[in-house]
Amino acid sequence: MADTDPAGPVMDRDEVDRALARLGQEHEAIETSLLALQDHAGRRLLEGARLTGVTAERWTSTEAAITLLWTYFDAYTDVLRTAREIRARRRWSSREDLAELTELLRGEPVTVAGSAAATANAATPHGGRANPGVLGERWSLSALVDRMNELYAASLDMVVAADAVWSALPARIDLLSAELQRTSRLAHPVGVRPGEHPAGDDLERITRTLKKLREQVVSDPLAFWKPAEGSSAPGGGKPDTTVYDREARALEDVRREIDAVLAVRQDAEKRIVRLRDVLSRADRTLAEARTARGEVLAKIAATEVPVVSGPPTALQEQLSTAAEYRRHAQWHRLSPLLESLEQKAEDELLRARESLTAVTAPLAVRAELRGRLDAYKAKASRHGLAEDPLLVERYEKARRMLWSAPCDLRAAEQAVLRYQQAVVELLGTAPGGPGQGAGPDERRGPGT
């Protein structure tokens, strides 16, 4: 639009023609935009929807703005038509025609009578309302174009935002609801039901949330719109999918839980058989440890032997419960019980093995001492010292201690060490010099 002061000089014919051409282009662009807004799918949906909340409030304002837009456009059209008619009177416009055209093109020729009522509900450029006390408005064509651009941008922003939410969220909610129904059909046969399994309660809650979410999205789409920061373009932003995303993640968790329950149903018998085997091995190991403890107490003196606990009866009872769950197809209860039992059974078997090792430790020590005594006797024999009186005496004393019951391990160990020391000392004074023919044990000394 022209920015020349209307109080300035009269426009010449070239200026008038250029202004009319520019105004014609603006008129065509505005008309195209208004018709596109009129035919916008979002606007038609808004007209037929039962709106609530912020959407209802903004649509009331937007409807008034769209009505006012057409009022302004009609007034703009009338002035433009009048200007074109004056210019078309004669090829070379008179000064009076040019003065009249100047007033139309640069002055405030547009009067919208009674526009106060029409603008009462229309948003202003700053989000407020027009002044209802004004009975009419006068506009220059340039200012009127600016005002129409403002109203159009605000109206289009609201329509595009609502349409974007309606285009995105309801369809996604419907898809998630369909997936929810399929999941529920899988859940019920395996016992994942409300009140019986936490995942069943989650399914019921997700169902309620999605139903409510869809109702809210349909009636108040702008409540789920996030404007883009710093964007002034109409429709700048994106749908707010926070609630939808949260419920989608919750449903995925439920699906994983149901998959786990279904997996339990498929291999429950094998897992129960494995559990029975592990617990049976733990029981046999504990029985072996108890028998070994009696043997150790009878054969070893002056030593502490740990007490061996009884069989894992609590785990056996839980295993019986698991078998009951399987017989009655209570897979949702069987799943966590089997996971717990499998870990406990492995721990029980490990504890039984550790108990057997701790109980038989004195026998292992005695066996090691016997082996060391015989090894040093063999060394002495290889060097011709088998009949040495000192060695014979110390060997027999150590042997009596190690092969008698109960065996005093501490005293037997000292006897073996004394025999070992005597062998090493005699080997060191034997012909050939010390170290010849001696093994690693001799070089380590008698204290090893």
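Keep in mind that the numbers below use all heavy atoms, side chains included, and drop hydrogens, waters and symmetry copies. Bear in mind the structure is a predicted one, so any value in this text is a computation, not a measurement. Nothing fancy with the numbering, it's 1 onward along the sequence.
- Summarising the geometry, atom SG belonging to Cys407 is positioned 7.5 Å from atom CG belonging to Leu369; distances are rounded to the nearest 0.5 Å.
- His188 approaches Arg193 most closely through the heavy-atom pair O-NH2, 2.7 Å.
- Leu46 CG to Leu222 CG: the interatomic distance, rounded to the nearest 0.5 Å, is 7.5 Å.
- Between Arg185 and Arg182, the shortest heavy-atom contact is NH2-CG, 3.1 Å.
- Ala187 and Ile258 get closest at one heavy-atom pair: CB-CD1, 3.4 Å.
- Closest heavy-atom contact between Val159 and Trp59: CG2-CZ3, 4.3 Å.
- A donor-acceptor contact shorter than 3.5 Å is absent between the side chain of Asp283 and the backbone of Leu279.
- Side-chain N or O atoms of Ser155 include none that pairs as donor or acceptor with a backbone N or O of Ala65 at under 3.5 Å.
- If you take OG1 on Thr183 and CG on Leu251, they are separated by 4.5 Å, rounding to the nearest 0.5 Å.
- Contact annotation: the side chain of Arg370 never approaches that of Arg399 to less than 4.5 Å [non-hydrogen atoms, C-beta and beyond].
- For the atom pair CG (Leu385) and NZ (Lys377), the distance works out to 13.0 Å, reported to the nearest 0.5 Å.
- Between Ser177 and Leu210, the closest side-chain pair of non-hydrogen atoms falls below 4.5 Å.
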So Asp245 and Arg249, salt bridge (charged side-chain N to carboxylate O under 4.0 Å, His left out) or not? Walk me through it. CA-CA 6 Å; Asp245 293 339; Arg249 289 192 298 269; 5.3 Å; no

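- In this structure, the side chains of Leu286 and Arg290 come closer than 4.5 Å at one or more pairs of heavy atoms.
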Check step by step if salt bridge (charged side-chain N to carboxylate O under 4.0 Å, His left out) holds for Glu288 and Arg284. CA-CA 6 Å; Glu288 184 180 350; Arg284 291 195 303 270; over 6 Å; no

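- Note that OG of Ser33 is 12.0 Å distant from NE2 of His40, once rounded to the nearest 0.5 Å.
- No donor-acceptor distance shorter than 3.5 angstrom exists from the side chain of Arg293 to the backbone of Val359, with no hydrogens or angles considered.
- Here Leu69 contributes atom CG and Glu150 contributes atom CD; the two are 10.5 Å apart, rounded to the nearest 0.5 Å.
- Contact check for Val423 versus Gln420: no side-chain heavy atoms found under the 4.5 Å cut-off.
- Side chain of Asp201 to backbone of Gly195: a donor-acceptor contact under 3.5 angstrom is found.
- Considering only heavy atoms from C-beta on, Tyr395 comes within 4.5 Å of Asp374 through its side chain.
- Counting heavy atoms from C-beta outward, Thr321 and Leu337 have side chains that approach closer than 4.5 Å.
- Side-chain contact between Glu346 and Glu342 is absent, with no heavy atoms from C-beta onward closer than 4.5 Å.
- Considering only heavy atoms from C-beta on, Val424 stays 4.5 Å or farther from Tyr419 through its side chain.
- Listed here is the closest heavy atom pair of Arg214 and Pro170: NH2-CB, 4.0 Å.
- Proximity of a side-chain donor or acceptor of Ser340 to a complementary backbone N or O of Pro336 within less than 3.5 Å is not detected.
- For Thr55 and Asp220, the side-chain atoms include at least one donor-acceptor pair closer than 3.5 Å.
- Between the side chain of Asp267 and the main chain of Lys270, no donor-acceptor pair closer than 3.5 Å is present.
- A salt bridge does not link Arg43 with Asp163: every distance from a Lys NZ or Arg NE/NH1/NH2 to an Asp or Glu carboxylate oxygen is 4.0 Å or more.
- The distance between the ring centers of Tyr76 and Trp139 does not fall below 6.0 angstrom.
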